[in-house]
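Only one structure is covered here, and it is reproduced in the block below.
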Amino acid sequence: RIAGVCGPLPQRMLHEGRHSCRFVTANGVFYERTANQDLLYHFPVPDPLRGMALGDDKYFVDFVSQCLTVDFAKRPTAAELLQHPFLKQDYGGVYSAPPPLKQ
């Protein structure tokens with residue numbers, strides 16, 4: 001599910017993982033063993049954040065996407081995320097009315 005939302009996991013991370021060989025094939029396919037020792041393969045279905053119920057605020061979707069970057073080498077630092085436009089945007093006061101629900 002993580003790979004479906006965040007995109008494929010970097011090959012470097014899969015090869016460096018201590019227990020990756022228990023869950024991922026050499027080709028990057030996730031699998032698990034069932035109770036009777038059969039292999040059950042999992043193929044991520046793309047489920048991009050923009051299609052989820054996150055609203056239509058482009059800044060929010062971009063902020064969450066950056067927070068969920070799997071590769072720590074590419075993920076922004078906390079200090080960088082604090083400068084994101086989503087956190088700088090004025091969305092009204094604490095007691096402002098919530099936006100209307102999508103139909």
Side-chain angles (χ1 to χ4, degrees):
R1 180 98 173 135
I2 292 172
V5 173
C6 300
L9 299 176
Q11 289 293 323
R12 173 189 54 77
M13 288 178 65
L14 293 176
H15 292 296
E16 291 175 358
R18 185 179 341 169
H19 300 291
S20 293
C21 61
R22 294 182 188 173
F23 307 103
V24 184
T25 67
N27 296 323
V29 177
F30 291 88
Y31 70 92
E32 65 179 300
R33 290 197 182 276
T34 62
N36 61 356
Q37 297 302 311
D38 290 334
L39 292 179
L40 177 62
Y41 293 95
H42 299 278
F43 297 94
V45 176
D47 189 12
L49 286 172
R50 295 196 192 288
M52 298 178 125
L54 296 179
D56 57 0
D57 185 337
K58 66 180 180 181
Y59 292 129
F60 177 68
V61 173
D62 184 62
F63 178 75
V64 172
S65 296
Q66 289 188 35
C67 289
L68 294 177
T69 302
V70 176
D71 189 346
F72 65 89
K74 295 181 180 178
R75 184 173 46 244
T77 65
E80 291 169 337
L81 288 169
L82 286 172
Q83 300 306 313
H84 193 278
F86 171 68
L87 298 178
K88 302 289 185 181
Q89 188 80 4
D90 181 9
Y91 288 97
V94 174
Y95 300 105
S96 62
L101 296 174
K102 289 186 176 182
Q103 297 285 333

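Here the structure is a predicted model, which is why all the values come from computation and not from measurement. Heads up: numbering here begins at 1 and tracks the sequence.
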Using salt bridge (Lys or Arg N to Asp or Glu O under 4.0 Å) as the criterion, list what pairs up with Glu16, not counting sequence neighbours. Arg12
Non-hydrogen atoms of Leu81 and Phe63 that approach each other most closely: O-CE1, 3.7 Å
If I compare all heavy atoms of Thr69 with all of Gln66, which pair ends up nearest, and what's the gap? OG1-O, 3.0 Å
Gap between atom [atom2] of [Y] and atom [atom1] of [X] - 0.5 Å precision:
{"X": "Ser20", "Y": "Gln11", "atom1": "OG", "atom2": "CD", "value": "10.0 Å"}
{"X": "Glu80", "Y": "Leu82", "atom1": "CD", "atom2": "CG", "value": "10.0 Å"}
{"X": "Asp57", "Y": "Phe86", "atom1": "CG", "atom2": "CZ", "value": "6.5 Å"}

Can you label the angle between the Tyr31 ring and the Tyr41 ring as parallel, tilted or perpendicular, going by 30° and 60°? tilted
Side-chain (Arg75) to main-chain (Val70) donor-acceptor, under 3.5 angstrom: yes
I'd like to check the side chain to side chain donor-acceptor pair (under 3.5 Å) partners of Gln89; sequence neighbours left out, ordered by chain and number. none
Just so I know, are the side chains of Arg33 and Leu39 near enough to count as touching, which here means a heavy-atom distance under 4.5 Å? yes
By side-chain contact (heavy atoms from CB on, under 4.5 Å), Cys21 pairs with (sequence neighbours left out) none
